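For reference, the structure is listed below as C-alpha cells.
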Number of protein chains: 2
Amino acid sequence: MNIKHDKEKVIKKGIDLFWCNGYSNLGVDKICKATGMTKGAFYNAFKSKENFLLSCIEAYGNMNMNYLTEQLSDQNKRAIDKILNMYVIMLENQPSLNFTGCLTNNMMSEISSVNELVGNATARAFDNLLDVIEPMVIKAQLEGDISPSVDSKTVTELIHSTFFGVLTRAKATRDNKKSISAMTLLIKSLKTI
Amino acid sequence: MNIKHDKEKVIKKGIDLFWCNGYSNLGVDKICKATGMTKGAFYNAFKSKENFLLSCIEAYGNMNMNYLTEQLSDQNKRAIDKILNMYVIMLENQPSLNFTGCLTNNMMSEISSVNELVGNATARAFDNLLDVIEPMVIKAQLEGDISPSVDSKTVTELIHSTFFGVLTRAKATRDNKKSISAMTLLIKSLKTI
DNA sequence: TCATTTGTACCGTTCGGTCTGTTTGAGTAC
DNA sequence: GTACTCAAACAGACCGAACGGTACAAATGA
C-alpha cells in the first residue's frame with residue numbers, strides 16, 4: 001500500500017509539537033494541521049493521542065542517546081571535560097530552542113505522575129541516557145577526576161538529574177547563565193568527595 | 001459585603017488541584033466543583049484561571065518559605081545536616097503525596113516557557129526559597145562542611161536545582177530511593193571542592 | 001438603597017475520537 | 001499488458017463533552 005505520510009517524519013514533527021506546547025495544551029487538530037494529515041490518516045497511523053506521545057518519547061529518547069554518544073566520543077579529551085562540555089553545550093542551546101527544555105523532562109513533570117504509561121516511557125528514556133553517560137563517569141573516575149570511592153551509577157544519576165533541574169530553572173527565568181554555573185560547580189565538586 | 005467563599009481557602013484548594021492535575025489538565029468547572037463555588041463567585045474573585053494560578057503559585061511559595069525556614073531553624077544541628085535532612089524529608093514525603101513533586105517545579109516545567117507571567121511567578125518563588133537556604137549554606141561554609149572558596153549563591157542554586165531534578169525523576173519512576181541517594185551524594189560532594 | 005456577591009443559563013470554541021464513504025495501489029489471474 | 005480484487009490508507013463531516021469565559025438576574029447586607 002502507498003503510505004502518504006511517513007510515520008517517522010510525523011513523529012519527528014510530534015516531538016517538536018509536544019516539546020513546545022506540552023501534552024494537554026496540544027490538540028490532535030493542531031497535530032494534524034502541523035503534519036498535513038487529516039484525522040483519518042492520524043487515527044489510522046496511531047491508536048490515540050497518548051499512544052502518539054509514547055512513540056514520540058521513545059523516538060526522542062533514541063535521538064538523544066545518539067546525540068550524547070556522539071558528544072562523548074572524542075578519544076583525545078578527558079572524560080570529565082567531555083561530560084561538562086556536553087551539558088554546557090545543551091544549556092547554551094536553550095535560548096535558540098526558546099527555553100523549551102527537554103521533552104523527556106517536560107513530560108515527566110507534566111503527566112508522569114498521572115499517566116503510568118508516560119511515566120514508564122520517560123523513565124526508560126532517562127535510564128537509557130544514564131547507560132550512555134555512566135561509562136564516561138567510570139572513565140573519569142579512572143582518570144582521577146571523579147572520586148573512585150562513589151558508586152558510578154549514583155554519580156551519573158546525580159549529574160543528569162541536576163541537568164534536568166537547572167534546565168527547568170533556565171526555562172522560568174529564560175536565562176541559562178546560572179544554570180551553566182551550577183552545572184559547572186557540580187562537576188568540579190565531584191573530583192574529591 | 002458578605003463573602004461566602006474565603007479567598008485564602010479557595011487558593012489553598014487551588015494549590016492542591018494544580019499540584020495534582022497540572023494547569024492545562026484542570027478546568028475551571030473542576031475548580032468550582034472542588035471549592036463549592038459557582039462560576040459567578042469564581043470569576044468575581046479572580047480575573048481568570050491564569051490569574052488564579054498566579055495567586056496559587058505565590059501562596060504556595062510563601063508556604064514553602066515558612067516550611068523551609070522552620071525546617072532549617074534548629075540551632076543545635078550543623079547547617080549541612082539540616083540542609084540534607086530537609087531535602088531527604090521532602091523526598092520521603094513524596095509517596096504520600098502520590099509523587100506529585102513540587103507545584104513550583106511543575107508549573108515551571110509545564111508552562112513557564114509559554115507563559116511569561118507564570119515564568120516570572122515561579123522564578124520569584126524559586127528565588128525566595130534560595131534566600132532562605134543561602135544563609136544556611138554560608139553557615140555550613142563557616143562550619144567547614146562546604147568549601148568556603150565557592151560562591152554561596154551558586155551552591156544554593158545547585159542544591160535546590162538538583163532537588164527539582166531528582167524530584168522529577170522520582171515522579172516518573174514512582175520511587176524516591178535513587179533521588180535520595182543522589183541528593184545525599186551531592187551534599188557530601190560539596191565539602192571539599 | 002445600592003454596590004457587591006452569587007447562581008446559572010448560555011456563549012463560541014476546542015477537545016479526543018468515531019464513522020462512513022472514497023481513493024489507492026500491490027497482488028493476482030488471464 | 002490489462003482487468004479485477006480487496007485490504008489498507010485517507011478525507012472530512014460529525015459526535016458529545018469539556019473548555020474558558022460572559023450575561024444577567026437574584027440575593028445579600030452594610
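All chains are named by letter (A, B, ...) in the order of the sequence lines, taking the proteins before the strands, and each is independently numbered beginning at 1. The structure presented is a predicted model; accordingly, all values stated were derived computationally and were not measured.
Around the NZ atom of A/K139, the shell of radius 6.0 Å holds more than 12 heavy atoms that belong to other residues, nucleotides or ligands.
The distance between atom CG of A/D29 and atom C1' of D/dC15, rounded to the nearest whole Å, is 13 Å. Following rounding to the nearest Å, A/I31 (CD1) and C/dC15 (C1') show an atom-to-atom distance of 12 Å. Following rounding to the nearest Å, B/K47 (NZ) and D/dG20 (C1') show an atom-to-atom distance of 14 Å. Across the protein-nucleic acid pair, B/N25 atom CG and C/dC15 atom C1' stand 12 Å apart, rounded to whole Å. Atom CG of A/N44 and atom C1' of C/dG17 are 14 Å apart (whole Å). One interatomic measurement links the two molecules: CZ of B/F42 to P of D/dG21, which rounds to 8 Å at whole-angstrom precision. Straight-line distance from the CG atom of B/N21 to the P atom of D/dA18: 14 Å, rounded to whole Å. In this structure, B/N115 atom CG and D/dG20 atom P are separated by 14 Å, rounded to whole Å.
A/T168 and A/N105 share a side-chain donor-acceptor pair at under 3.5 Å. B/K30 and B/N21 share no side-chain donor-acceptor pair at under 3.5 Å.
Toward the 5' end of DNA chain C, the nearer of the two residues A/Y23 and B/M37, judged by each one's closest nucleotide, is B/M37. DNA chain C is contacted by both A/G27 and A/G40; A/G27 maps to the nucleotide lying nearer its 5′ end (nearest heavy atom per residue).
Between the side chain of B/K39 and the base of C/dG7 there is no donor-acceptor pair of N/O atoms closer than 3.5 Å.
Side chain of B/K49, nearest nucleotide from D/dG21, C/dG7, C/dG16: D/dG21. The side chain of B/K30 approaches D/dC19 more closely than any other nucleotide in the set D/dC19, C/dG16, D/dC10. Taking only side-chain atoms of A/A41, from C-beta outward, the nucleotide of D/dC10, D/dT22, C/dT18 with the closest atom is D/dC10.
Ring geometry for A/F164 versus A/F126: interplanar angle over 60°, hence perpendicular rather than tilted (30 to 60°).
Among the atoms of the strands shown, only primed sugar atoms or phosphate atoms (P, OP1, OP2) are found under 4.0 Å from some heavy atom of A/L26.
Contact of the A/L53 side chain with the A/I111 side chain is registered, since non-hydrogen atoms from C-beta on lie closer than 4.5 Å.
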